[in-house]
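First the proteins, then the strands, lettered A, B, ... as listed; each starts at 1.
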2 protein chains.
Amino acid sequence: MARLSKQDWLTAALAALAEGGVGAVAVVPLAQRLGVTRGSFYWHFADRQALLREALEWWEQQGTLAVIDRVAALTDPRAKLRSLFEIAITEDPAGGLEPALVAHADDPTVAPVLRRVTERRVAFLTDLYAGIGLPAAHARHQAAVAYATYVGWVQLRRAVPGTLPEVAGDEDALAYLVESLANPRLIEP
Amino acid sequence: MARLSKQDWLTAALAALAEGGVGAVAVVPLAQRLGVTRGSFYWHFADRQALLREALEWWEQQGTLAVIDRVAALTDPRAKLRSLFEIAITEDPAGGLEPALVAHADDPTVAPVLRRVTERRVAFLTDLYAGIGLPAAHARHQAAVAYATYVGWVQLRRAVPGTLPEVAGDEDALAYLVESLANPRLIEP
DNA sequence: CACGTTCCGTACAGTACTGTACGGTCCATC
DNA sequence: GATGGACCGTACAGTACTGTACGGAACGTG
């Protein structure tokens with residue numbers, strides 16, 4: 001398992017990030033897990049932060065845009081909503097990475113990436129809700145609520161898996177969640 | 001500001017926990033912020049983990065049970081729901097502490113506390129939803145969704161405050177959120 | 001005002017990590 | 001089969017933290 005590429009370090013960094021947060025993206029532990037010494041790392045990257053930055057950029061490209069593209073291919077707006085939530089909830093873009101990112105949102109390296117991703121996703125959601133007939137402000141509110149639900153759901157699945165079986169694979173609960181988000185009540189503010 | 005009590009260290013620990021997570025509950029930085037040296041700490045506590053444990057226990061007592069008691073005093077079940085969400089969202093029990101805890105859910109000290117709190121809250125929510133007429137399984141699902149929304153909401157408020165004005169004090173969005181959670185659709189799974 | 005308790009400062013030892021410098025190894029290519 | 005670039009190991013210096021040991025100050029009570 002000798003001779004690593006830059007990408008090896010990036011994927012290892014994302015895995016560590018998902019498990020232990022920003023603090024876990026440390027050179028020594030990663031090197032041990034990869035079976036090399038830090039000599040390898042400092043050849044590929046300038047420093048610890050460079051690794052973190054590049055790993056996050058890679059995730060921003062892969063994880064977020066890919067899903068949006070897949071859903072945008074559909075035509076029926078309500079089908080788009082259902083499909084989006086199903087994909088987002090069940091596929092779990094990068095194995096519990098999101099909770100870790102949200103948790104370290106104050107980190108100067110994480111913050112801008114998280115900001116961009118959140119913005120893009122909520123904007124996309126807002127469009128979808130507008131597409132099924134919600135007025136503008138209404139759609140924006142519903143998008144915020146729906147995105148919060150998504151964030152909380154993956155967060156809980158990771159935090160208390162045994163305690164809350166609903167968030168961890170229960171078919172009925174999942175269907176309920178998707179329907180709840182795809183069919184918002186038309187509440188007058 | 002000399003001569004501290006044990007409680008001084010506990011509250012300082014909770015503040016640090018909210019800001020920087022479990023890793024920020026470190027003796028040296030806390031001592032600096034409190035204007036003393038570590039000599040003080042090791043008189044009050046056996047070690048770092050003792051501080052973390054006692055701080056979490058204190059939070060579990062204060063934060064969670066108090067809110068439930070206040071809401072339980074009301075009679076109308078739907079008013080209970082509204083009141084609960086309003087309190088939970090606006091008062092923010094302990095200043096962004098929850099996101100930090102969820103983030104470090106794998107920490108052996110955090111895990112049991114978080115498990116108990118989540119269990120208690122979801123059970124309480126389930127009762128409330130059953131109280132407004134939802135059948136049992138339905139109520140449980142809705143409780144999970146609602147709690148996820150709450151978790152995500154406070155999480156987002158802390159993570160991307162500028163980006164998502166909805167989650168940070170917007171009156172209309174807040175009202176929309178509360179109504180969404182207090183008036184679930186009656187979806188047949 | 002002595003005196004024990006409560007609380008804090010300081011010094012020491014130990015651990016885990018970050019960066020840097022440099023020497024060495026593997027490997028394709030010519 | 002030598003040569004140069006890609007890759008890794010090792011040693012050194014520096015930082016930030018945890019615990020422990022112990023001496024001493026501050027304080028309330030007799």
Let me check something: any side-chain donor-acceptor pairs from residues 40-53 of chain A under 3.5 Å, sequence neighbours excluded? List them with distances.
| residue | atom | partner | partner atom | Å |
| --- | --- | --- | --- | --- |
| A:Ser40 | OG | A:Trp9 | NE1 | 3.2 |
| A:His44 | NE2 | A:Leu4 | O | 3.2 |
| A:Asp47 | OD1 | A:Ala50 | N | 3.1 |
| A:Arg48 | NH1 | A:Val25 | O | 2.8 |

- Message: Considering every strand and a 4.0 Å limit on heavy-atom distances, what is the contact class for B:Val28: base, sugar-phosphate, or nothing?
- Response: base
Tell me: [atom1] of [X] to [atom2] of [N], nearest whole Å?
X	N	atom1	atom2	answer
A:Asp8	D:dC8	CG	C1'	14 Å
A:Phe41	C:dA21	CZ	C1'	17 Å
B:Gln7	C:dT6	CD	C1'	18 Å
B:Gln32	C:dG9	CD	P	12 Å
A:Leu4	C:dC26	CG	C1'	14 Å
A:Trp9	D:dC8	CH2	C1'	10 Å
A:Trp43	C:dC27	CH2	P	15 Å
B:Tyr42	C:dG14	OH	P	16 Å

- Item | Test ring-ring contact (aromatic ring centres under 6.0 Å, His included) applied to B:Phe85 - qualifying residues, sequence neighbours left out | none
Applying side chain to side chain contact (heavy atoms under 4.5 Å, CB included), can you list everything that pairs with [X], at least two apart in sequence or on another chain?
X	answer
B:Ala143	B:Val122, B:Leu125, B:Thr126, B:Tyr129
A:Glu19	A:Arg33
A:Ser5	A:Gln7, A:Asp8

Solution key, residues 70-81 of chain B side-chain donor-acceptor pairs under 3.5 Å, sequence neighbours excluded:
| residue | atom | partner | partner atom | Å |
| --- | --- | --- | --- | --- |
| B:Arg70 | NH1 | B:Glu91 | OE1 | 3.3 |
| B:Arg70 | NH2 | B:Glu91 | OE2 | 3.1 |
| B:Asp76 | OD2 | B:Ala79 | N | 3.2 |
| B:Arg78 | NH1 | B:Ala182 | O | 3.0 |
| B:Arg78 | NH1 | B:Asn183 | OD1 | 2.7 |

Contact list (N/O, under 3.5 angstrom) for nucleotides 9-11 of chain D vs protein:
| residue | atom | partner | partner atom | Å |
| --- | --- | --- | --- | --- |
| D:dG9 | OP2 | A:Thr37 | N | 2.4 |
| D:dG9 | OP2 | A:Thr37 | OG1 | 2.5 |
| D:dG9 | O5' | A:Thr37 | OG1 | 3.4 |
| D:dA11 | N6 | A:Arg38 | NH2 | 3.2 |

- Message: Using a strict heavy-atom distance below 4.0 Å, which residues from residues 44-53 of chain A are in contact with DNA chain C?
- Response: A:Asp47, A:Arg48
- Task: List in chain and number order the residues that pass salt bridge (Lys or Arg N to Asp or Glu O under 4.0 Å) with B:Glu86, two or more places apart in sequence or in another chain; answer none if no residue qualifies.
- Result: none
- Query: Sub-3.5 Å donor-acceptor pair from the side chain of A:Arg158 to the main-chain atoms of A:Glu98, do we have one?
  - Reply: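 Absent.
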- Item | Any donor-acceptor N/O pair, B:Arg115 side chain to A:Gly162 backbone, under 3.5 Å |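 Side chain of B:Arg115 to backbone of A:Gly162: no pair is present.
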